[in-house]
Visitor: 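Structure provided below as structure tokens; questions to follow.
To find a chain, count down the sequence lines: A is the first, B the second, and so on, and within it residues start at 1.
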There are 2 protein chains.
Amino acid sequence: MGNGDIKLNNRDRAVLMKTPFMHGLTGNSLVKMLSAMSVETVSARDLIVREGQRAEAFYCVLNGYVRLYRLSRDGRDADIRISAPGDTFGECMLYADRKYPFFAQAAETCTLVRFDLQTVKDLAEEDPGISRAVMTTLSRHLISTMDCVANDRLFTAPQRVANYILSRCPVDGGPAAIRLPFQKSLLAGMLGLAPEALSRAFSSLRKTGVTVRGRIIQVVDVQALREI
Amino acid sequence: MGNGDIKLNNRDRAVLMKTPFMHGLTGNSLVKMLSAMSVETVSARDLIVREGQRAEAFYCVLNGYVRLYRLSRDGRDADIRISAPGDTFGECMLYADRKYPFFAQAAETCTLVRFDLQTVKDLAEEDPGISRAVMTTLSRHLISTMDCVANDRLFTAPQRVANYILSRCPVDGGPAAIRLPFQKSLLAGMLGLAPEALSRAFSSLRKTGVTVRGRIIQVVDVQALREI
DNA sequence: AGCGCGTTTTGACGTCGATCAAATCGTCCA
DNA sequence: TGGACGATTTGATCGACGTCAAAACGCGCT
């Protein structure tokens, strides 16, 4: 703890500084915040937090992707959220139960910043800027999680995949190509699908002009995807 | 606006005062908060907010139930959350987009308190107690919405119904009876089911000792429900 | 360029839940 | 108490998605 961001490379530092937690911090608050932070590197498949474990920290992803999920008694798992670089997770524990309500697992090698919950909570009492950062982050997460519920309940697999593609496409209506930033199995979990269902959804989108080769997705007509 | 809580009956006032927004407020903040509030009564099926509408307020339910939902292009709707007495909704707009991401509809006649977003936002800057209330509420909503995603993805209809019953049963393991506080169709939407599916889930629970008559649900053995 | 392993795709099949329609139930009112 | 109306249940059918197994692919390695 307390080793600050000294070891961060430029890219990681830039990601961290763009988060609301670090963005507009004044001198003294910044110093204190740095003392509440430490940097961690975890390997693919490592567990970062366990459901039911007492919560003492929340995390910011600098590099890689983290899978938040829950298990059923018979061992099946369901993803709740995928945290990308710049995202935090576990910040909902600042003002709630003491136990994590999910597992967090590194989907690949990840660089994380760990924030001590109690310290940040204390800081938030003094610095409205930090409170604001917490509220902003919580609000966004709440809204995106509500989106997730609505998507699951309203849309079929091909529609959810189309929505995902659209969310990563430039806004114009013409052709586009995107590169998935992670494995398809992770995308499947993110959309609440089995990998096989994701694969079938992609092939059902071929007739709408979607071509998939490895992680590259090409779209003939972005506008047409919207009509699905 | 600004008519305060003068018109509230005792029950409604008690509900309001138990919310984190009003609970520990000091004199001056309390006065200001009161000036940001107004009381509204809405009839069954009235829309309280519309998706896409510019957000200028959030709400606290004092009486009745409010359905937050989204529509698909072809007119189907999906519930995202049911707000019960004591719950707030729309508070995620304090630090996020300006447009509501859902519709809110009174499921029955409701009494609500309307909070002006900008005023509360300004108040939160000065009063850490208010910030704390916002963060507490957002955290709880985020966690319960994550629970919702996990439930949808992990459990079948009968399991979700069993979970709901258990969440409203006294903790001990023996027999119990509960009364649904709303129509079954609302419960169905809450659990992400069609009303017919809820009905079938109830009847599939008969073999586990669950009896339903109108809004009364009787459970022979609470412990047995947990094993489903 | 060829090999080898983990990921993804495809096929076959079963189950769950949505949908539509019709019957029944509950509750409110006169 | 008898209706009447909306809510709920039941039945029949269908489509979407999960699961398991096997084939194909992609990618990194030498």
Visitor: Can you tell me if CZ on A:Arg45 sees more than 12 non-hydrogen neighbours from other groups inside 6.0 Å?
Guide: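 12 or below, so no.
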Visitor: Generate the contact string for nucleotides 5-15 of chain C. Rules: B means base contact, S means sugar-phosphate contact only, - means no protein heavy atom under 4.0 Å.
Guide: --SSSBBB---
Visitor: So which of residues 67-76 of chain B are in contact with DNA chain C, with a heavy-atom cut-off of under 4.0 Å?
Guide: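 B:Arg76 - these, ordered by number, are the residues of the stretch whose heavy atoms sit under 4.0 Å from the strand.
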Visitor: Taking salt bridge (Lys or Arg N to Asp or Glu O under 4.0 Å) as the cut-off, I'd like each qualifying pair that reaches into residues 140-150 of chain A, sequence neighbours left out, listed once.
Guide: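 Checked against salt bridge (Lys or Arg N to Asp or Glu O under 4.0 Å) - neighbours excluded - the pairs reaching residues 140-150 of chain A are A:Asp147-B:Arg70.
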Visitor: Going by side chain to side chain donor-acceptor pair (under 3.5 Å), name the pairs with one or both residues in residues 181-191 of chain B, residues two or more places apart or in two chains.
Guide: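 Output for this query lists B:Gln183-B:Ser185.
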Visitor: Please list, chain by chain and in numerical order, all residues satisfying side chain to side chain donor-acceptor pair (under 3.5 Å) with B:Asp77, sequence neighbours excluded.
Guide: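 Side chain to side chain donor-acceptor pair (under 3.5 Å) check on B:Asp77 returns B:Arg67.
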Visitor: Any sub-3.5 Å donor-acceptor pair from A:Arg226's side-chain atoms to A:Asn163's backbone N or O?
Guide: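 Not confirmed, A:Arg226 side chain does not pair with A:Asn163 backbone.
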Visitor: Nearest-Å distance, CD1 (B:Ile228) to P (C:dC16)?
Guide: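 So the CD1-P distance, B:Ile228 to C:dC16, works out to 13 Å.
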Visitor: Just one of A:Val66, A:Thr41, A:Thr88 clears the side chain to side chain contact (heavy atoms under 4.5 Å, CB included) bar with A:Leu112, so which one?
Guide: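 One option only clears the test, and that one is A:Val66.
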Visitor: Say whether A:Thr145 and A:Arg81, considering side chains only, have a donor N or O and an acceptor N or O under 3.5 Å apart.
Guide: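 Side chains of A:Thr145 and A:Arg81: pair found under 3.5 Å.
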Visitor: With A:Asp172, which residues qualify under salt bridge (charged side-chain N to carboxylate O under 4.0 Å, His left out), at least two apart?
Guide: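 Salt bridge (charged side-chain N to carboxylate O under 4.0 Å, His left out) check on A:Asp172 returns nothing, list empty.
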Visitor: Could you name each residue pair satisfying ring pair (Phe, Tyr, Trp, His ring centres under 6.0 Å) that touches residues 187-228 of chain B, not counting sequence neighbours?
Guide: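 Residue pairs passing ring pair (Phe, Tyr, Trp, His ring centres under 6.0 Å), neighbours aside: none found.
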Visitor: Between the axis at one end of the helix from C:dA1-D:dT30 to C:dA30-D:dT1 and the axis at the other (five pairs apiece), what's the angle to 10 degrees?
Guide: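 End-to-end axis angle: 40°.
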Visitor: Does any pair with a residue in residues 138-187 of chain B pass ring pair (Phe, Tyr, Trp, His ring centres under 6.0 Å), and if so which ones, sequence neighbours excluded?
Guide: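 The answer is B:Tyr65-B:Phe182.
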Visitor: Going by side chain to side chain donor-acceptor pair (under 3.5 Å), name the residues that satisfy it together with A:Arg76, two or more places apart in sequence or in a different chain.
Guide: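 Side chain to side chain donor-acceptor pair (under 3.5 Å) check on A:Arg76 returns A:Asp74.
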Visitor: For DNA chain D, note the earliest and the latest nucleotide, 5' to 3', having some atom under 4.0 Å of a heavy atom belonging to chain A.
Guide: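 Endpoints of the contacted stretch of DNA chain D: D:dC17 to D:dG26.
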Visitor: Could you name each residue pair satisfying side chain to side chain donor-acceptor pair (under 3.5 Å) that touches residues 189-203 of chain A, not counting sequence neighbours?
Guide: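 Non-adjacent pairs meeting side chain to side chain donor-acceptor pair (under 3.5 Å): zero.
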